[in-house]
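Per chain, numbering begins at 1; letters A, B, ... match sequence-line order. We use all heavy atoms of the structure for the numbers below, so side chains are in, but hydrogens, waters and symmetry mates are not.
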Number of protein chains: 2
Amino acid sequence: MGIREGLLVLLADGPKHGYRLKGEFEEATGQAWPLNIGQVYTTLGRLERDGLVELDTTDSEGRKVYRLTKAGRAEVRDWLTRPVDHRLDARDELSMKLLLTLFAGVADPLAVVDTQRAATMTALQDLHRLKQETDPDDLPWLLHLDRLILRAEAELRWLDLVEDRLPERRRRPAAVHEPAETEEVTG
Amino acid sequence: MGIREGLLVLLADGPKHGYRLKGEFEEATGQAWPLNIGQVYTTLGRLERDGLVELDTTDSEGRKVYRLTKAGRAEVRDWLTRPVDHRLDARDELSMKLLLTLFAGVADPLAVVDTQRAATMTALQDLHRLKQETDPDDLPWLLHLDRLILRAEAELRWLDLVEDRLPERRRRPAAVHEPAETEEVTG
DNA sequence: GGTGCCATGTAACGCGTTACATGATTAT
DNA sequence: ATAATCATGTAACGCGTTACATGGCACC
């Protein structure tokens with residue numbers, strides 16, 4: 001799910017110290033996942049607390065080298081074997097925003113859709129441009145960009161679909177309670 | 001981003017007490033975002049602390065009714081106006097997993113791809129089945145399912161793309177350090 | 001002497017999340 | 001009586017994240 005698993009995978013490749021883990025993590029994920037060095041040490045501490053990692057040696061330069069425990073190795077194997085699952089209740093900001101707007105009737109859902117579409121389209125253009133500017137040998141970064149591009153395209157398709165379905169919707173009955181002194185929030 | 005914004009939007013529709021917020025939140029998002037009642041109160045407390053929400057009245061039944069403050073209303077307007085942005089460093093478990101596997105060379109990336117594809121395909125089938133079983137008038141739930149479907153399809157396309165590009169990759173030189181006593185983790 | 005990189009760490013905060021405690025009212 | 005629903009709340013944990021402190025070493 002997060003940094004934990006990342007560090008564990010890197011440690012499966014052999015014992016390493018924190019600073020090196022940070023380096024490899026960035027080498028592996030590049031700009032796709034910037035990592036504050038502090039996080040490596042906090043995470044390493046938590047992994048040790050949970051018995052997934054233990055101190056291997058303190059090497060000649062005084063660096064603390066960690067290695068996986070048996071439990072740690074099992075965890076790595078599990079994580080790599082187990083697919084990322086598509087939970088029905090996957091938190092998604094965009095759909096949440098739309099469903100809530102739809103329900104609360106406090107802003108025009110179509111305005112939300114339009115705003116989002118504009119933003120996603122420019123994002124998509126930027127991604128394509130970035131892809132062209134990328135060194136063709138930088139496979140990880142290219143793959144990551146493709147992932148973002150496909151996601152963005154899927155989002156655009158969904159926005160179209162939402163717009164199509166939206167007019168079919170019956171208007172919710174007017175609010176029963178006191179009308180709040182809320183000016184229409186439509187952008 | 002989270003529950004905070006959800007509650008704020010609902011409160012933009014008029015002052016409400018916690019329990020009612022929980023009800024409306026579930027009504028709006030359905031199974032798409034189950035909400036523990038405790039979260040409503042903790043979140044409400046934090047919103048009050050941050051001056052986005054304040055106590056309106058304690059009604060006849062002794063329920064504490066909250067309303068938006070001026071800052072709260074501004075925050076709602078902002079959130080609804082501002083598109084969900086596509087950060088280049090958006091955390092994505094699947095791509096992270098793949099990039100790290102690619103780098104660490106501790107498992108076969110193709111195995112990861114295959115596992116994921118199988119899982120995503122069955123998930124997709126389940127989603128289509130669910131969609132057919134859904135009441136055609138339940139617009140929010142249908143929209144949410146469509147979002148998940150489009151996401152899953154995008155993921156499958158990406159997996160194909162990864163598989164195509166993967167063989168082009170030159171093998172990393174063999175590990176320099178001591179080979180860890182790690183059995184190949186390939187599922 | 002100063003700049004910058006290598007290297008380790010801690011204190012603190014924020015949000016999401018759960019588990020638990022408490023009590024009133026309503027329905028069976 | 002007692003089970004369910006309405007209603008509020010708190011304590012605690014986990015992870016991600018940042019800001020800060022510290023020190024060695026190399027290079028100019």
Does a side-chain N-to-carboxylate-O contact under 4.0 Å join A:Arg157 and B:Asp146?
-> no

Carboxylate-amine/guanidinium contact B:Asp92 A:Arg151, below 4.0 Å: yes

Scoring nucleotides 7-16 of chain D by protein non-hydrogen atoms under 4.0 Å (B base, S sugar-phosphate only, - none) yields BBBBB--SBB

Considering only heavy atoms from C-beta outward, does the side chain of A:Leu52 approach that of A:Leu68 to under 4.5 Å?
-> no

Do the side chains of B:Glu163 and B:Leu110 get nearer than 4.5 Å, heavy atoms only?
yes

note: A:Leu47, atom CG; C:dT8, atom C1'; distance rounded to Å ~ 16 Å

Tell me whether A:Glu133 at atom CD has more than 12 heavy atoms from other residues, nucleotides or ligands lying less than 6.0 Å away.
yes

